[in-house]
Protein chains: 2
Amino acid sequence: MENRTVDTRERILDAGERLFMAHGYEGTSMRQITGEAGVNLAAVNYHFGSKESLMQEVFRRRLDWLNDERMRVLDALEAEAGGQPVKPSAIVDAFFGTLLRMAGDENRGGMTFLRLLGRTLTEPSEFIRAFLAHEYKAVMDRYKEALFKALPEVPKAEIVWRFHFMLGATSYAIAGTDALRLVTDWQIEAEDSTDRLDRLVPRLMSFLLGGLRAPLPQFEGEGA
Amino acid sequence: MENRTVDTRERILDAGERLFMAHGYEGTSMRQITGEAGVNLAAVNYHFGSKESLMQEVFRRRLDWLNDERMRVLDALEAEAGGQPVKPSAIVDAFFGTLLRMAGDENRGGMTFLRLLGRTLTEPSEFIRAFLAHEYKAVMDRYKEALFKALPEVPKAEIVWRFHFMLGATSYAIAGTDALRLVTDWQIEAEDSTDRLDRLVPRLMSFLLGGLRAPLPQFEGEGA
DNA sequence: TTATGATTAAAACGAACGTATGAATCATAA
DNA sequence: TTATGATTCATACGTTCGTTTTAATCATAA
């Protein structure tokens, strides 16, 4: 009794994850999903209720772990620091590094989920946006607070903006891995997929930290 | 004879631009577009041939100017430098600043087109991706070359990656202007839309330059 | 005024969509 | 073995999709 349903559910989730990543939510049909999963068309509505609920479950399956892990790592960092602020580089690594290292774990969705997440952050159907906002709120607040403490001399508004920019650079770096292959003649290096990921983490981390610690902007009409 | 068709065409393009931005390509129907434009349903196919062609025309109307302007500004910078490399900050401003300043010009699409562009870069239906890659190729190549010359000590692969990251931060900063309003309690500053744009440019520029000039990453197993 | 070509309008097309239904099939426990 | 509840299956429902068609309406030139 268990084997059949678990298999069907997971096959649907896997197919949905891959197809939503490749073609977006609106661009993916139930018939594509059930076809790729090798299950009956009615199985999605039977197991998940609706297409929207399936999409939410695709995310929840991965985000629950990711959010817990991010909390756990930050907890450990703060415990280790014992009241002192945590280094910005450690915070950035806890947030973005944890995400990127997820891509190396095929059991947690690997690159497929990461690219789905990246693209979804800028493709906000109303219900997806609301769902992601709810799922992310607690973690975002914790990390923002940590950055405020780590960079007390930087205005909070500036930190929020730069967190915003870091999210963008990261999501694009992932979601666009194939998109930009067309824009740039990607012949500079011949890296296989896992090698590219191994090198992406330090590359992106350098970039993010450089941006986070950049000199503050001068607004028009303000002095130094 | 001219007035009717030009009006209809532009009304359709304006409605398409706004709706594609708000709901994506697949999420927008011809009936929504013609309804908002106040024209007959058949008008899109009459004037543009198909929904895909309309989407392409929505982009071409804005990108032609943007690409020309980016080329023009870089030409001027290189002429001014007279054979010497152009400063990285000037190149970044020519590429990203030109884009962002477009958002202040309502005649060139303003924030609406900018957000559409930002979101489309990570929402690549096959035909859109191919189209954008074609439209952008020449400009991207010119700017990459300029950055190679401006930063001769940085490996080309690293520059390409960082250009990639900068694109992501920028597109997300624009496309996500409303998306993230739900994630963060955006009460830190009360800025109206134009004020936010005025401050976004220097903010983003500082971040991008900080990232572009960050220390090079250390890969595992490599020395300093 | 009338002829002509461009544009708009109303209506319909077949295809694909998400979802619902009821019967068939399965695994399990009495 | 049989009864039961869970799951799968084939099929159809009503809608909406992008597109096409044909006729009406418009602006212009002869």
Side-chain angles (χ1 to χ4, degrees), chain A residues 1-59 61 116 120 123-128 130-131, chain B residues 1-59 61 116 120 123-128 130-131:
Chain A
M1 149 212 165
E2 279 295 288
N3 259 347
R4 278 205 307 171
T5 104
V6 166
D7 278 2
T8 300
R9 276 182 61 96
E10 298 244 315
R11 292 165 66 87
I12 291 172
L13 287 170
D14 289 344
E17 186 172 71
R18 202 195 68 77
L19 288 166
F20 288 145
M21 176 274 286
H23 309 115
Y25 177 76
E26 313 266 8
T28 301
S29 75
M30 305 284 253
R31 285 163 180 85
Q32 284 178 270
I33 295 171
T34 53
E36 176 159 322
V39 303
N40 188 270
L41 169 61
V44 172
N45 288 285
Y46 176 77
H47 285 283
F48 299 96
S50 68
K51 188 185 177 186
E52 285 200 4
S53 300
L54 169 61
M55 178 67 153
Q56 292 185 9
E57 198 53 35
V58 165
F59 276 97
R61 176 170 70 146
L116 171 62
T120 305
E123 179 209 7
S125 295
E126 207 51 56
F127 86 94
I128 304 178
F131 170 76
Chain B
M1 150 213 166
E2 278 295 291
N3 258 346
R4 276 205 307 171
T5 104
V6 167
D7 277 1
T8 299
R9 275 183 61 97
E10 297 245 314
R11 291 164 66 88
I12 291 172
L13 287 170
D14 289 344
E17 185 172 71
R18 202 194 69 76
L19 288 166
F20 287 144
M21 176 274 286
H23 308 116
Y25 176 75
E26 312 267 8
T28 301
S29 73
M30 307 248 96
R31 285 163 179 84
Q32 284 178 273
I33 296 170
T34 52
E36 177 159 319
V39 304
N40 187 270
L41 169 61
V44 173
N45 288 283
Y46 177 77
H47 285 283
F48 300 96
S50 68
K51 189 185 176 186
E52 286 200 4
S53 299
L54 168 62
M55 179 67 154
Q56 292 186 8
E57 197 54 36
V58 165
F59 275 97
R61 176 170 70 148
L116 170 62
T120 305
E123 179 209 8
S125 296
E126 208 51 55
F127 85 94
I128 303 178
F131 171 75

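Throughout, protein chains are lettered first and strands after them, A, B, ... in sequence-line order, and every chain is numbered starting at 1. No hydrogens, no waters, no symmetry mates; every other heavy atom, side chains included, goes into these values.
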(request) Using a cut-off of strictly less than 4.0 Å, decide whether Ser50(A) has a side-chain nitrogen or oxygen near OP1 or OP2 of dG18(C). (result) no
(message) I need the Met30(A) CE to Asn45(A) CG distance, nearest 0.5 Å.
(response) 4.0 Å
Could you pull out all donor-acceptor pairs under 3.5 Å where a side-chain atom in residues 19-28 of chain A meets a protein atom, sequence neighbours excluded?
residue	atom	partner	partner atom	Å
Tyr25(A)	OH	Glu52(A)	N	3.3
Thr28(A)	OG1	Leu19(A)	O	3.1
Thr28(A)	OG1	Gly24(A)	O	2.7

(message) Once side chain to side chain contact (heavy atoms under 4.5 Å, CB included) is applied, do any residues pair with Ala37(A), and if so which ones, sequence neighbours excluded?
(response) Arg11(A), Ile12(A), Ala15(A), Val39(A)
(message) Under 4.0 Å, heavy atom to any atom of DNA chain D: which of residues 24-34 of chain B qualify?
(response) Thr28(B), Ser29(B), Met30(B), Arg31(B)
(message) Before you tell me yes or no, could you show the steps for Thr8(A) and Tyr46(A) under side-chain contact (heavy atoms from CB on, under 4.5 Å), namely the whole-Å CA-CA distance, both residues' side-chain angles and the distance that decides it to 0.1 Å?
(response) CA-CA 11 Å; Thr8(A) 300; Tyr46(A) 176 77; over 6 Å; no
(request) For residues 35-49 of chain B, pull every pair meeting salt bridge (Lys or Arg N to Asp or Glu O under 4.0 Å), keeping only residues two or more places apart or in separate chains. (result) Arg18(B)-Glu36(B)
(message) Applying ring-ring contact (aromatic ring centres under 6.0 Å, His included), can you list everything that pairs with Phe131(A), at least two apart in sequence or on another chain?
(response) none
(request) Could you pull out the closest heavy-atom pair between Thr34(A) and Asn40(A), with the gap in Å? (result) CG2-O, 3.4 Å
(message) I need the residues from residues 36-46 of chain A with at least one non-hydrogen atom less than 4.0 Å from DNA chain C; give them sorted by number, or say none.
(response) Leu41(A), Ala42(A), Asn45(A)
(request) Can you sort out the partners of Arg61(B) under salt bridge (Lys or Arg N to Asp or Glu O under 4.0 Å), two or more places apart, ordered by chain and number? (result) Asp14(B), Glu17(B)
(request) Show your working on side-chain contact (heavy atoms from CB on, under 4.5 Å) between Arg31(A) and Leu41(A) and close with a plain yes or no. (result) CA-CA 6 Å; Arg31(A) 285 163 180 85; Leu41(A) 169 61; 3.8 Å; yes
(request) Measure the distance from CZ on Phe48(B) to C1' on dT7(C) and round it to the nearest whole Å. (result) 14 Å
(request) Can you tell me the distance, in whole Å, between the NE2 atom of His23(B) and the C1' atom of dC17(D)? (result) 16 Å
(request) Could you tell me which residues satisfy side chain to side chain contact (heavy atoms under 4.5 Å, CB included) with Glu57(B), sequence neighbours excluded, listed by chain and number? (result) Arg9(B), Leu13(B), Phe48(B), Arg60(B)
(message) Below the 4.0 Å mark, does dT8(C) have OP1 or OP2 next to a side-chain nitrogen or oxygen of His47(B)?
(response) yes
(request) Whole angstrom is fine here: how far is it from NZ in Lys51(A) over to P in dA20(C)? (result) 15 Å
(request) Quickly work out the Ile12(A) CD1 to dT8(D) C1' distance and round it to whole Å. (result) 11 Å
(request) Under 3.5 Å for both distances, Watson-Crick or G-U wobble, that's the pair rule; now give the dot-bracket for DNA chain D, with | marking pairs to another strand and [ ] for crossing ones. (result) ||||||||||||||||||||||||||||||
